[in-house]
There are 2 protein chains.
Amino acid sequence: MDVDLRLLRSFAAVAAEGNLTRAAERLYLSQPALTKQIRQLEHLLGTALFTRSKTGMALTGPGEALAAAAPAVLGAWDAARRAVRAADRDASNVLRVGYLASAANERTRPIIAAFRERRPGWRVELRQASWGDPVGGLDSGDVDAAFMRLPFPRQDEFELAVLFTEPRCIAMAADHPLAGHAELRFEDLLDEPFIAAPKATGAFRDHWIEAEGRGGRPVRIGAVTELPDDWLSAIAAGDGIALAPESAARFYARPDIAYRPVTGVAPSTVALVWPRGAAGGGALADFVAAATAFAD
Amino acid sequence: MDVDLRLLRSFAAVAAEGNLTRAAERLYLSQPALTKQIRQLEHLLGTALFTRSKTGMALTGPGEALAAAAPAVLGAWDAARRAVRAADRDASNVLRVGYLASAANERTRPIIAAFRERRPGWRVELRQASWGDPVGGLDSGDVDAAFMRLPFPRQDEFELAVLFTEPRCIAMAADHPLAGHAELRFEDLLDEPFIAAPKATGAFRDHWIEAEGRGGRPVRIGAVTELPDDWLSAIAAGDGIALAPESAARFYARPDIAYRPVTGVAPSTVALVWPRGAAGGGALADFVAAATAFAD
DNA sequence: CACATCCATAACCGAAGGTTATACATACTG
DNA sequence: CAGTATGTATAACCTTCGGTTATGGATGTG
């Protein structure tokens, strides 16, 4: 009488999308597989969760009930994973820190060094998160803390310490016509296709396609990527241009990509983020202290 | 990164038993299968949950953390199932009522009839529960309410209405020497082997082997059964005798089984039980009202 | 009326998850 | 100290499950 939580996750996706096909896409799953999963869940619970129609999947009464209750189950599991992760951290003297792209840039190493000074015998394990996971593995207990760029979804559910800001620039293929200019104005780029993060990343995605700063002009999306390497490849392939932190020019220098300064966009903010209440005097607190020591 | 809750359930069993072999037994699983499950869970979480030794399995730090967090996850799932069940009940006009053995005896039909009078168009589905499930499917959302005999484990986590009591008698094989007596004294039966319910049923099991009423004399267990039919078969086979409600003589009359009155044991109490707070004015409340109308 | 959309079904395939039998290490016991 | 009991790990095997692609059928839509 137990479920695989994956079924619950799938159910939640279908309930949210109201559509099998799109939900399947979001879950990186084929549509027939999702059909099977939902059917399996319905069989397990002994009741229909959706009414099928040609316009999509609509929740039934029991379906509504499950949709309301499912987040609590998934949340409890996430909490369990965080607890296990925390215990493992303390038992093995390893702090796991997530990051997207270049973490805290040049400050990363000094921060880690300062932490090791406070906690001799501890190690720091850096772990790259996918943009597909909006909060970088923080709520799943994959990592104890993460270097994140603000804003990101559900940001206020976490504690964070802002470390620094840096200007943003434009990344484009080296042979892109715009690469001829030494400096760009963002208002000249409104019609260019942009490489974007997945939709699920909400405010993060919006920030990096500057959704707010284009005076209502819609964004053209050239490609959607989840990892720095894919992102670089898409840019180099000419699928579009992208906003990037200035430091990308140093950490992701490639012969087929050009980075140019741009005016008219706000800088990017890097912060250290951790789950609410997790830094109570332990090793994580020391890492936070080490990081903030290098904050601007 | 999602688990099958079965793994969590298995983990909890191993954590509680401190022993793979016994936990496997309790889960009706082979020991190698459990080994695999635990290993799989450890792999999923990326940390060791137990330290293996020849004396059993001891929890590690992360293991302790998971053991502390697992009940919340399983509880959330149970709550979800109950919510779905409640919605399904209201959507389909079917009230599902669990029972062990003979439910409310001869009062069962009148209760249902009275309920249908209050709720025309509704049906009542009776569903037998296994003694292996101490609370008769109540917390898993299998049923909306259940006819239970008191006491049963975690009884005070539920709401209940006592319906009636009835004397208990002794059931034994028809050719058992004691069957010659028209009436028995319990103090003469202390050395007889008894057919018992599974250990997991705690107070319920104790009540039916009269663990408290034998002056410290240990019980001999002749067999452990989970269902009335198995119970009857064990008795008929001569594996032991058993305490039974008087009504069993009517509802479970068999040529190979004799029921005899016994003195020196308290009567059995039948109650209607339902999850706390579930009877808020709905159909379940009407069923409770119908049942209590036939209470003593 | 053609077309796009969306869910269901079929056929297929590899991996997962269970079983029994057995090995191996340690602790207890006569 | 040998022998036995207890406890977990491994091996070999088999069935079921969960995923894939390809295709069908029903229903709104331009």
Side-chain angles (χ1 to χ4, degrees), chain A residues 1-60 62-64 66-67 70 74 77 132 199, chain B residues 1-60 62-64 66-67 70 74 77 132 199:
Chain A
M1 300 308 160
D2 292 327
V3 231
D4 191 329
L5 290 189
R6 183 170 27 90
L7 292 189
L8 269 197
R9 199 86 64 178
S10 296
F11 165 80
V14 175
E17 293 280 355
N19 180 307
L20 264 187
T21 313
R22 267 189 296 280
E25 236 168 80
R26 197 166 104 185
L27 295 165
Y28 302 102
L29 214 63
S30 72
Q31 170 260 314
L34 238 198
T35 297
K36 277 192 188 180
Q37 287 194 0
I38 298 297
R39 207 197 300 288
Q40 182 183 346
L41 187 57
E42 288 180 324
H43 183 257
L44 179 78
L45 291 169
T47 185
L49 297 169
F50 295 97
T51 55
R52 277 80 165 164
S53 79
K54 299 301 161 185
T55 71
M57 314 269 287
L59 286 168
T60 62
E64 296 277 8
L66 184 60
L74 297 171
W77 170 236
K199 279 212 178 107
Chain B
M1 299 307 165
D2 291 328
V3 231
D4 191 329
L5 289 189
R6 183 171 29 89
L7 292 189
L8 268 197
R9 198 87 64 179
S10 297
F11 165 80
V14 176
E17 294 279 357
N19 180 307
L20 264 187
T21 312
R22 266 190 296 281
E25 234 168 81
R26 197 166 106 186
L27 295 165
Y28 303 102
L29 214 62
S30 72
Q31 170 260 314
L34 239 197
T35 296
K36 277 192 188 180
Q37 287 193 1
I38 298 298
R39 208 198 301 287
Q40 183 183 345
L41 188 58
E42 290 180 323
H43 184 256
L44 179 78
L45 292 169
T47 185
L49 298 170
F50 295 96
T51 55
R52 276 81 163 163
S53 80
K54 300 303 159 184
T55 71
M57 314 267 290
L59 287 169
T60 62
E64 295 277 6
L66 184 61
L74 297 170
W77 170 236
K199 280 215 177 103

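Every chain is numbered from 1, with letters handed out A, B, ... down the list of sequences.
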Rounded to whole Å, CG of Leu29(A) lies from C1' of dC7(C) at a distance of 15 Å
Residues in residues 3-17 of chain B with a heavy atom under 4.0 Å of DNA chain D, by number, are none
Exercise. Do any side-chain nitrogens or oxygens of Thr35(A) fall under 4.0 Å of OP1 or OP2 in dC7(C)?
Worked result: no
Whole-Å distance, Arg52(A) CZ to dT9(C) C1', equals 14 Å
Side-chain contact check for Pro32(A): nearest option of dC7(C), dG18(C), dT9(C) is dT9(C)
Its 5'-most and 3'-most nucleotides having an atom under 4.0 Å from a non-hydrogen atom of chain B, DNA chain D is contacted over dG7(D) to dT10(D)
For a quick test of your reading: what N or O donor-acceptor pairs under 3.5 Å do the side chains of residues 13-24 of chain B make, sequence neighbours left out?
unit_1	atom_1	unit_2	atom_2	d
Glu17(B)	OE2	Arg26(B)	NH1	3.0
Asn19(B)	OD1	Thr21(B)	N	2.8
Asn19(B)	OD1	Arg22(B)	N	2.9

Met57(A) atom CE is separated from dC6(C) atom C1', nearest whole Å, by 10 Å
Atom OH of Tyr28(B) and atom P of dG18(C) are separated, to the nearest Å, by 17 Å
**Prompt:** Is there a donor-acceptor contact under 3.5 Å linking the side chains of Gln31(B) and Thr35(B)?
**Reply:** yes
Ranking Gln31(B) and Leu34(B) by the position along DNA chain C of their nearest nucleotide, the one closer to 5' is Leu34(B)
Rounded to whole Å, the CD1-P distance (Ile38(B) to dG18(C)) equals 11 Å
